[in-house]
Amino acid sequence: EYIYTAEERKGPMKKPLLILAFLLLPTVIASQEPEDLFASESITVDVGVSSQLTLVPDEVKLDVEYLQADLYFFPKEDGAQQIIALNTEPEADKFQDHLRFRWGPPERTRLRYGAQCRVRISNVLPRVMSKIKFPLNGVQKEVQEYLKPSKHIDSENPEIVNLANTIALGKDDMFEVVSELAIWTKNNINYSLGTLTADASQKASWVLQNKKGVCDELTSLFIAMCRALGIPARFVTGISYTSSPLFTKRWGAHGWAEVYFPNVGWVPFDPTFGEFGWVDPGHIR
């Protein structure tokens, strides 16, 4: 996610300015060999994320007071993920969820910026070790927002509600229900790069109707079914390692889910990779 803002110089002669933004795919260098990644207790990787702004003024001279870019897509600290080092170019202000780059009156029409991170990912995740009764009897206030429908997670869609209830019918164990939702998504939605969904994310009901999508769409459908059953679930954006022959590069952008289990916390589920209740250390938030 990116936010770009520009404020022109005050005065009667304001000049229009077009800003073109390009996200460059992240580059990743891992300290482990690929065959060791899934068996490792932890891995250390170097992640580079960069982007570029191109300024197109209506005249040769740029009449801009300042330019600001907020970068949200970079590794974050959490229980299983430690940021060892973080460097930016140019220097940026660091906030909890984004980096802010700011330029004074730009002297060039093309501005590149980015972050270089060294990240250690440990194979330490919250585990569901005992039965949690389903359906849930109330949900904590701080996670209730993850029960609501959204633009891509249309969990109130009748077909999604009916399917989720059919899958959960007769089950009283929350982990079993969530796992069955993930298994159904994995087995019934075709992972396809040859559709428009590779360029523009479709909502969960579209994925259910068309039975195809990429990782974002599979995850949105899985989350929608969880929410339809009153189970809090949220989307996780990051990068991951894959050995799939569909990809020429082993590391790339990826999306998966986390489900909230009472007295346990947020537990990862990746319906694309078939990792239910855990994810391998090759997942970087």
Side-chain angles (χ1 to χ4, degrees), residues 1-2 21-52 69-89 92 94-99 112-125 152 186 191-193 197-201 213-220 222-223 234-258 266-276 278-285:
E1 179 183 359
Y2 290 81
F22 302 92
L23 170 64
L24 307 180
L25 292 178
T27 58
V28 183
I29 300 174
S31 59
Q32 275 91 342
E33 293 298 321
E35 58 267 22
D36 297 331
L37 187 149
F38 299 108
S40 300
E41 291 186 3
S42 67
I43 66 169
T44 301
V45 297
D46 292 327
V47 183
V49 181
S50 61
S51 190
Q52 181 175 287
D70 291 345
L71 175 62
Y72 287 81
F73 191 77
F74 71 99
K76 308 297 195 302
E77 187 105 13
D78 69 8
Q81 189 166 290
Q82 177 188 2
I83 308 301
I84 300 172
L86 172 61
N87 299 299
T88 63
E89 181 61 39
K94 299 176 177 66
F95 297 88
Q96 184 175 358
D97 64 344
H98 68 281
L99 303 172
R112 180 165 173 157
Y113 60 98
Q116 294 289 332
C117 306
R118 175 158 291 183
V119 189
R120 180 178 291 120
I121 306 101
S122 301
N123 196 7
V124 179
L125 299 167
H152 292 99
K186 172 70 174 176
Y191 186 89
S192 174
L193 291 172
T197 58
D199 299 317
S201 185
V214 291
C215 58
D216 286 8
E217 283 92 9
L218 271 73
T219 300
S220 291
F222 166 69
I223 292 174
R234 67 186 182 188
F235 198 94
V236 180
T237 299
I239 58 178
S240 66
Y241 177 87
T242 179
S243 57
S244 169
L246 292 174
F247 300 93
T248 57
K249 294 183 178 181
R250 300 298 89 188
W251 292 89
H254 186 53
W256 63 98
E258 289 179 337
W266 290 102
V267 178
F269 281 77
D270 189 339
T272 307
F273 280 26
E275 298 176 353
F276 311 142
W278 65 283
V279 290
D280 63 74
H283 287 64
I284 303 175
R285 297 176 69 93

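This one's a predicted model, so the numbers in the text were calculated from it and none came from an experiment.
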A.B. asks: Work out which heavy atom in Ala257 is nearest to a heavy atom in Val236; give both atom names and the distance.
C.D. replies: C-CG2, 4.3 Å

A.B. asks: Sequence neighbours excluded, which residues qualify as side-chain contact (heavy atoms from CB on, under 4.5 Å) partners of Asn87?
C.D. replies: none

A.B. asks: Determine whether Phe235 and Asp216 make a side-chain contact, defined as any pair of heavy atoms from C-beta on separated by less than 4.5 Å.
C.D. replies: yes

A.B. asks: Between atom CH2 of Trp256 and atom OG1 of Thr237, what is the distance when rounded to the nearest 0.5 Å?
C.D. replies: 8.0 Å

A.B. asks: Report the residues that fulfil side chain to side chain donor-acceptor pair (under 3.5 Å) with Asn123, sequence neighbours left out, ordered by chain and then residue number.
C.D. replies: none

A.B. asks: Run the numbers on Ser50 and Arg112 for side-chain contact (heavy atoms from CB on, under 4.5 Å), then give the verdict.
C.D. replies: CA-CA 7 Å; Ser50 61; Arg112 180 165 173 157; 3.3 Å; yes

A.B. asks: Kindly indicate whether the side chain of Asp270, heavy atoms from C-beta on, has any atom under 4.5 Å from the side chain of His254.
C.D. replies: yes

A.B. asks: Please report the interatomic distance CD(Glu217) to NE2(His152), rounded to the nearest 0.5 Å.
C.D. replies: 8.0 Å

A.B. asks: So, do Thr88 and Tyr113 sit near enough that their side-chain heavy atoms are less than 4.5 Å apart?
C.D. replies: no

A.B. asks: Closest heavy-atom contact between His98 and Phe74?
C.D. replies: CA-CE2, 3.6 Å

A.B. asks: Using modelled atom types only, decide if a donor and an acceptor are shared between the side chain of Gln81 and the backbone of Arg285 within a distance under 3.5 Å.
C.D. replies: yes

A.B. asks: With Arg118, which residues qualify under salt bridge (charged side-chain N to carboxylate O under 4.0 Å, His left out), at least two apart?
C.D. replies: Asp46

A.B. asks: Report yes if the side chains of Glu275 and Pro268 come closer than 4.5 Å at any heavy-atom pair, otherwise no.
C.D. replies: no

A.B. asks: Atom CG of Asp70 and atom CZ of Phe95: how far apart are they, to the nearest 0.5 Å?
C.D. replies: 7.5 Å

A.B. asks: Among Arg120, Lys76, Glu77, which residue satisfies the side-chain contact (heavy atoms from CB on, under 4.5 Å) criterion with Ile83?
C.D. replies: Glu77

A.B. asks: Once you round to the nearest 0.5 Å, how far does CD1 of Ile121 lie from CD1 of Ile43?
C.D. replies: 4.0 Å

A.B. asks: Do Lys186 side-chain atoms and Thr272 backbone N/O form a donor-acceptor pair below 3.5 Å?
C.D. replies: yes

A.B. asks: Quick one: does Ser51's side chain get under 4.5 Å of Phe73's, heavy atoms only?
C.D. replies: no

A.B. asks: Where do Pro271 and Phe276 come nearest, in terms of heavy atoms and distance?
C.D. replies: CA-CE2, 3.9 Å

A.B. asks: With the side chain counted from C-beta on, respond yes when Val49 and Ile239 share a heavy-atom pair under 4.5 Å apart, and no when they do not.
C.D. replies: no

A.B. asks: Give, for atom OH of Tyr191 and atom CG of Leu218, the distance between the pair rounded to the nearest 0.5 Å.
C.D. replies: 8.5 Å

A.B. asks: What is the minimum heavy-atom distance between Val214 and Ser192, and which atoms define it?
C.D. replies: CG1-O, 3.3 Å

A.B. asks: For residues Gly255 and Thr219, report the shortest heavy-atom separation together with the two atoms involved.
C.D. replies: O-OG1, 3.2 Å

A.B. asks: Measuring from Glu258:CD to Phe269:CZ, what's the distance to the nearest 0.5 Å?
C.D. replies: 10.5 Å

